[in-house]
Engineer: 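Input: one structure, supplied below.
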Amino acid sequence: MQSKQMYNYPDSTGHFGQFGGTYMAETLIPAVEELSREYLRYRDDPEFKAEFAYELKHYVGRPSPVYHAKRLSESLGGAQIYLKREDLNHTGAHKINNAIGQALLAKRMGKKRVIAETGAGMHGVATATVAARFGMECIVYMGAEDIQRQAANVFRMKLLGATVVPVESGSRTLKDACNEAIRDWVTNVESTFYIFGTAAGPHPYPMMVRDFQCVIGNEAKVQMPEMIGRQPDAVIACVGGGSNAIGLFYPYIEEKNVQIIGVEAGGHGIASGKHAAPLTANAKVGVLHGNKVYLIQDENGQIIETHSISAGLDYPGVGPEHCLLKDMGRAQYVAINDDEALAAFDALCRFEGIIPALESSHAIAHAIKIAPTMSKDKALLVNLSGRGDKDMNTVATLKGITL
Amino acid sequence: MSRIQATFDKLKQQQRKALIPFITAGDPSLQLTVPLMHGLVEAGADVLELGVPFSDPMADGPTIQRASERALKHGMSLRGVLAMVAEFRTQDATTPVVLMGYGNPIEAMGWEVFAKRCAEVGVDGVLTVDFPPEESHDAFEHLQAHGIDPIFLLAPTTNDARIQQVAKLARGYVYYVSLKGVTGAGNLDLSAIEQKLPQLRKHIKLPIGVGFGIRDAATALAVAKLCDGVVVGSRIVQEIEDSTEQSVVGNVSKLVKELRLAVDKA
């Protein structure tokens with residue numbers, strides 16, 4: 001097992017072992033180099049850190065509580081399930097942690113225009129929110145398919161003053177929104193800060209997003225001993241690009257007794273080929289959106305359209321640090337299918353009075369699956385990364401109800 | 001001597017500038033790519049850039065995005081592109097062919113296999129848009145081993161240190177991206193190119209081709225005056241999109257002849 005001294009990624013060139021890197025067109029290389037320089041300059045700057053902490057406390061509402069899901073745990077008859085309540089953050093998900101961090105950096109770099117890609121719309125809402133908060137122009141790229149699925153979030157972004165640009169190319173989902181945001185960035189590289197939503201993309205994004213999201217795991221490491229006198233036996237989070245997961249996992253990497261489990265979107269099942277689970281499905285290594293990662297692709301290296309009930313997990317790649325943690329054996333990655341996620345969604349609603357995001361429902365579903373196999377004195381900490389208000393239409397449609 | 005070097009040497013002797021058209025392999029159809037390549041050469045092309053379609057062409061504007069989508073719909077693959085170059089070479093042993101695209105299809109094939117196949121079928125250069133010099137070590141080791149020229153991009157945002165880095169690695173020619181934007185963008189700024197080129201020439205001893213945003217004879221001529229070669233992509237791909245299968249070779253030839261005349265006035 002790795003000691004704290006040994007686990008030190010990424011390296012100075014942005015690589016997590018063979019993963020990560022800076023695979024970008026030349027026009028943008030100077031921009032990501034500048035971003036690296038500026039981020040490293042402010043990362044340990046006391047004033048920057050203080051401002052970030054202030055915003056997290058007073059604007060986001062942190063720390064987010066850890067909640068013991070007692071009735072759900074009792075119904076399962078096994079391990080106790082605890083929820084890290086990122087759904088209680090301002091804007092309803094963990095995405096705001098990172099959006100605030102990057103907006104503070106953008107402000108220091110003198111960038112007045114921010115762009116973002118979004119899948120489920122939570123990162124788009126978070127970016128639109130911080131842009132309003134700091135007085136910046138905001139453009140959000142969103143797949144036309146996702147705009148259909150997440151109409152409420154589109155309206156929310158517009159209320160916050162953002163321009164939402166529908167992306168009609170490719171599969172019209174998150175990966176295509178990324179492509180279009182990159183095209184905007186290459187065109188407006190000097191005026192624009194790209195607030196990237198997940199712990200992937202070219203260096204320094206995977207590191208920077210992880211650092212901003214680590215507040216999740218850092219809080220949990222204090223809260224769990226307060227609640228149960230020790231750390232949990234396992235930490236569990238859903239993984240699309242993997243920002244909420246790495247935020248919870250990273251502070252636990254050296255805690256050897258804590259199992260780390262990432263839950264990917266199994267869609268209609270790995271065997272069906274209609275999923276968004278590159279790690280679980282043993283996808284090949286490839287290069288997309290600026291980094292080398294495990295990537296769902298065909299034998300010719302073309303990216304295959306993914307499927308998930310949850311727009312936020314519907315992405316063919318995954319962050320480079322998750323790829324490394326898988327290869328090191330430090331984290332385990334599993335997949336939860338659409339129907340299992342929906343059942344978990346219902347269970348949390350009925351047993352705990354909490355409506356989870358469909359993304360987070362994947363992590364809950366895995367806890368529901370393994371809790372009964374464990375004794376009652378075991379503890380599972382699940383990252384409840386977002387709330388489910390945005391998913392009302394999707395869930396209603398799946399239940400055959402018209403709202 | 002490589003075909004690319006021989007071509008640029010000859011052009012230099014003739015005091016002419018290179019015309020480098022780009023088409024996407026497999027667009028408008030699998031059958032028409034090789035006839036189009038020959039048509040481009042007959043109309044006056046010096047070097048051919050053959051686009052390898054990719055599902056996520058992040059550096060391309062809508063025109064080349066659509067061409068990639070059409071080509072992929074026809075089942076175009078990197079293997080297929082290499083077979084097309086082999087077929088082209090049965091009738092043309094001299095015109096350099098550069099494959100241009102994104103890294104992942106090559107990663108999937110493996111750089112070693114790819115480089116070997118390039119040499120076998122007669123590919124002369126490879127331009128991988130999303131593989132900057134810092135991520136290219138393994139890739140280009142294999143290309144070099146098989147005598148394939150790695151073609152690098154430089155951009156308006158590229159600083160002196162990076163120009164020097166590219167100068168060390170680049171072979172064949174260097175492709176200067178004339179504007180901040182995607183292929184086919186409309187914001188070409190001639191005075192900015194004119195200002196940037198001396199900075200490039202200070203370190204780059206290879207011929208410099210300029211592309212992105214060149215859309216007609218007038219812009220081709222203006223750019224040709226400043227550099228060693230003019231790359232025209234989106235405009236040609238647009239012509240392909242606007243043509244029928246019957247008219248496409250003729251229409252593209254006519255367009256390239258106009259561009260040739262313009263470039264030769266430089």
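By convention in this document, chain letters (A, B, ...) are assigned in the order of the sequence lines, proteins followed by strands, and residues within each chain are numbered from 1. Predicted model, so just to flag it, every value in this text is computed and none were measured.
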Engineer: Considering non-hydrogen atoms only, spot the tightest contact between B/I4 and B/D149 and give its length.
Structural biologist: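 Nearest pair, atom of B/I4 first, then B/D149: CD1-OD2, 3.6 Å.
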Engineer: For B/T33 and B/F88, run side chain to side chain contact (heavy atoms under 4.5 Å, CB included): C-alpha distance rounded to whole Å, both residues' side-chain angles, the deciding distance at 0.1 Å, then the answer.
Structural biologist: CA-CA 9 Å; B/T33 296; B/F88 173 77; over 6 Å; no
Engineer: Set out, in order, the CA-CA distance, both residues' side-chain angles and the distance that settles side chain to side chain contact (heavy atoms under 4.5 Å, CB included) for A/L325 and A/F16, then state yes or no.
Structural biologist: CA-CA 9 Å; A/L325 290 173; A/F16 298 81; over 6 Å; no
Engineer: Taking all non-hydrogen atoms of both residues into account, name the closest pair between A/V189 and A/A31 and its distance.
Structural biologist: CG2-CB, 3.5 Å
Engineer: Looking only at heavy atoms and a cut-off of under 4.5 Å, which of B/P133, B/A59, B/G181 has the most pairs with chain A?
Structural biologist: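 Heavy-atom pairs under 4.5 Å are most numerous for B/G181.
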Engineer: Is chain B contacted by the side chain of A/L295, its backbone, both, or neither, given a heavy-atom distance below 4.5 Å?
Structural biologist: side chain
Engineer: Ignoring hydrogens, what is the shortest heavy-atom contact between B/L169 and B/P150? Give both atom names and the distance.
Structural biologist: O-CG, 3.8 Å
Engineer: Using a plain distance cut of 3.5 Å, could you tabulate donor-acceptor pairs between chain B and chain A?
Structural biologist:
| unit_1 | atom_1 | unit_2 | atom_2 | d |
| --- | --- | --- | --- | --- |
| B/P53 | O | A/Q302 | NE2 | 3.0 |
| B/S55 | N | A/Q302 | OE1 | 2.8 |
| B/S55 | OG | A/I303 | N | 2.8 |
| B/D56 | OD1 | A/K175 | NZ | 3.3 |
| B/D56 | OD2 | A/K175 | NZ | 2.9 |
| B/D56 | OD2 | A/N179 | ND2 | 2.9 |
| B/P57 | O | A/R183 | NE | 3.4 |
| B/P57 | O | A/R183 | NH2 | 2.7 |
| B/D60 | O | A/R183 | NE | 2.8 |
| B/E69 | OE2 | A/G170 | N | 3.4 |
| B/R79 | NH2 | A/N300 | OD1 | 3.3 |
| B/N104 | OD1 | A/V287 | N | 2.8 |
| B/N104 | ND2 | A/Q297 | OE1 | 2.8 |
| B/N104 | ND2 | A/G301 | O | 2.9 |
| B/E107 | OE1 | A/K292 | NZ | 3.4 |
| B/A108 | O | A/K284 | NZ | 3.2 |
| B/D130 | O | A/M24 | N | 3.4 |
| B/E135 | OE1 | A/H15 | NE2 | 3.0 |
| B/E135 | OE1 | A/Y23 | OH | 3.4 |
| B/E135 | OE2 | A/H15 | NE2 | 3.2 |
| B/E135 | OE2 | A/T22 | N | 2.7 |
| B/T157 | OG1 | A/T27 | O | 2.8 |
| B/T158 | OG1 | A/E26 | OE2 | 3.0 |
| B/R162 | NE | A/E26 | OE2 | 2.9 |
| B/R162 | NH1 | A/E33 | OE2 | 3.3 |
| B/R162 | NH2 | A/E26 | OE1 | 2.8 |
| B/K180 | NZ | A/E190 | OE1 | 3.2 |
| B/G181 | N | A/V186 | O | 3.3 |

Engineer: Taking all non-hydrogen atoms of both residues, which atom of B/F131 and which atom of B/G103 are closest, and how far apart?
Structural biologist: CE1-CA, 3.4 Å
Engineer: Work out which heavy atom in A/P202 is nearest to a heavy atom in A/M24; give both atom names and the distance.
Structural biologist: CB-CG, 3.6 Å
Engineer: Is B/I106 in contact with chain A via its backbone, its side chain, both, or neither, using a 4.5 Å heavy-atom distance?
Structural biologist: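 Contact with chain A is absent: no heavy atom of B/I106 under 4.5 Å.
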Engineer: Side chain, backbone, both or neither: which part of B/V129 has an atom under 4.5 Å from a heavy atom of chain A?
Structural biologist: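 Backbone plus side chain of B/V129, per the 4.5 Å heavy-atom cut-off to chain A.
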Engineer: What part of B/P57 lies closer than 4.5 angstrom to a heavy atom of chain A: side chain, backbone, both or neither?
Structural biologist: both
Engineer: Taking all heavy atoms of A/P278 and all of A/G317, pick out the closest pair and write down the distance.
Structural biologist: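 Looking at all heavy atoms of both residues, the shortest contact is CG-O, 3.7 Å.
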Engineer: Do you know which of B/L154, B/V182, B/L179, B/V177 has the most heavy-atom pairs under 4.5 Å to chain A?
Structural biologist: B/V182
Engineer: Quick check for you: among A/L288, A/V285, A/I304, which has the greatest number of heavy-atom pairs under 4.5 Å with chain B?
Structural biologist: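 With the most close heavy-atom pairs to chain B, the winner is A/L288.
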Engineer: Between A/I29 and chain B, which part of the residue has a heavy atom less than 4.5 Å away: side chain, backbone, both or neither?
Structural biologist: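 Just the side chain, heavy atoms under 4.5 Å.
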Engineer: From B/L48 CG over to B/I23 CD1, what is the distance, rounded to the nearest 0.5 angstrom?
Structural biologist: 7.0 Å
Engineer: Decide yes or no for A/L28 and A/I182: does some side-chain heavy atom of the first lie under 4.5 Å from some side-chain heavy atom of the second?
Structural biologist: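 Heavy-atom side-chain distance check passes, below 4.5 Å.
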